[in-house]
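Notes follow the structure.
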Amino acid sequence: MTTTVIVAATTFPALAAEKWDMPMAYSGSNFHSVTGAEFANCVTTGTGGDITISTHPGGSLFAGADIKRAIQTGQVPIGERLLSGHQNESAIFGWDSIPFLVSSFDEHAKLYEVAKPAVEEVLAEQNLTLLYSVPWPPQGLYFRNEVKTMDDMKGVKFRSYNNATSRLAELTGMLPVTIEAAEISQAFATGVADSMVSSGATGYDRKVWESLNYFYSVDAWLPRNYVMVNSEVWAGVSEASKNVIQACAQMAEYAGTWRAKEYTGFTLAGLAAGGMTVEPANDALMAGLKEVGATMTTEWLEAAGEAGVGIVEAFKAQ
Ligand code: PCA
């Protein structure tokens, strides 16, 4: 075995070979991370080792909030990030967190189709090239205690992951604190937070039933993760390798989206098996949340301006 490796190394000197570290924010078992690992293998194999990608899930190389900057500045060539976490840089990144505009994967896919060019334009200005993007399952509300009315939310400590989630908390009288998914089990266990809005997938991955007791499906929105490469690095990649990477990216987007759909029911069942009450929000709660959602939508359209209005109008015109 050792002899084979030495012979191979002598025959094909690894002069052009590059090693790409790929930071990812979510746990290794999460479907985004599993998809990313497959993508990395696909590129490594497909380029014959010219480009070897190693994923680093769970925020182990960079915390979620730092991944985008790390790619932009070339600290790493590639990485994955929940772009709506950067709405403060560009409101356009928040297109996927507009409350109650879409509630299913199919509607969300249509919205993504019209939003994608505007997102890619902002990314290009930031030295970033999009390779693929995968949605999270629909977002629901988690609580430690039962919530029947909007008033029950007042004063509750709420874990947020982007501007939209923080705003949702403010408008419902909750107290938002931003915490990475990798840290939430501890935050709930220690009482730093008692609620959040997220997918069944994240609650399942982080075993939140150990602390929280209620999940209300409200299908508020479906945010996306994006795998992006530094544009200068990308410009230096050979045509042959670019073709391989793009093909692997397409497969990853397909496989990741498929997994997100499969994982939706599976993880909600997992939360229930863990002891949580998993049910739709009641009508009163839903009506209150929709009012909050309308306010957030107006605010987002104002912040995102013409490009944002264009996305929503193009979606509704479909
Ligand atoms: N999980 C991620 C983002 C959206 C989701 O479903 C999180 O809670 O951080």
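Quick caveat, the model's predicted, so the values are computed rather than measured. All heavy atoms count here, side chains included; hydrogens, waters and symmetry mates do not. Indexing begins at 1, ligand by ligand and atom by atom, following the structure's order. One-based numbering along the sequence shown.
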Decide whether W20 and E18 meet the rule of one side-chain donor and one side-chain acceptor closer than 3.5 Å.
yes
How far is atom 9 (O) of ligand 1 from its nearest protein heavy atom, and which residue and atom is that?
R159 NH2, 2.8 Å
Determine, for D152 against K154, whether the closest basic-nitrogen to carboxylate-oxygen distance falls under 4.0 angstrom.
no
Ligand-residue contact atoms, ligand 1 with A181, heavy atoms, under 4.0 Å:
9 (O)
Contact region, S199 to ligand 1, non-hydrogen atoms below 4.0 Å, reads both
If you scan protein heavy atoms around atom 1 (N) of ligand 1, the nearest is T202 OG1, 2.6 Å
I need the atoms of ligand 1 closer than 4.0 Å to a non-hydrogen atom of P223, numbered in the order shown.
4 (C)
For ligand 1 and Q139, I'd like to know whether there is a polar contact (N/O to N/O, distance under 3.5 Å).
yes
Provide the full list of salt bridge (charged side-chain N to carboxylate O under 4.0 Å, His left out) pairs with a residue in residues 161-171, sequence neighbours left out, each pair given once.
R167-E170, R167-E299
Are H108 and W95 an aromatic pair, judged by ring center distance below 6.0 Å?
yes
Is the F215-W209 ring centre distance short of 6.0 angstrom?
no
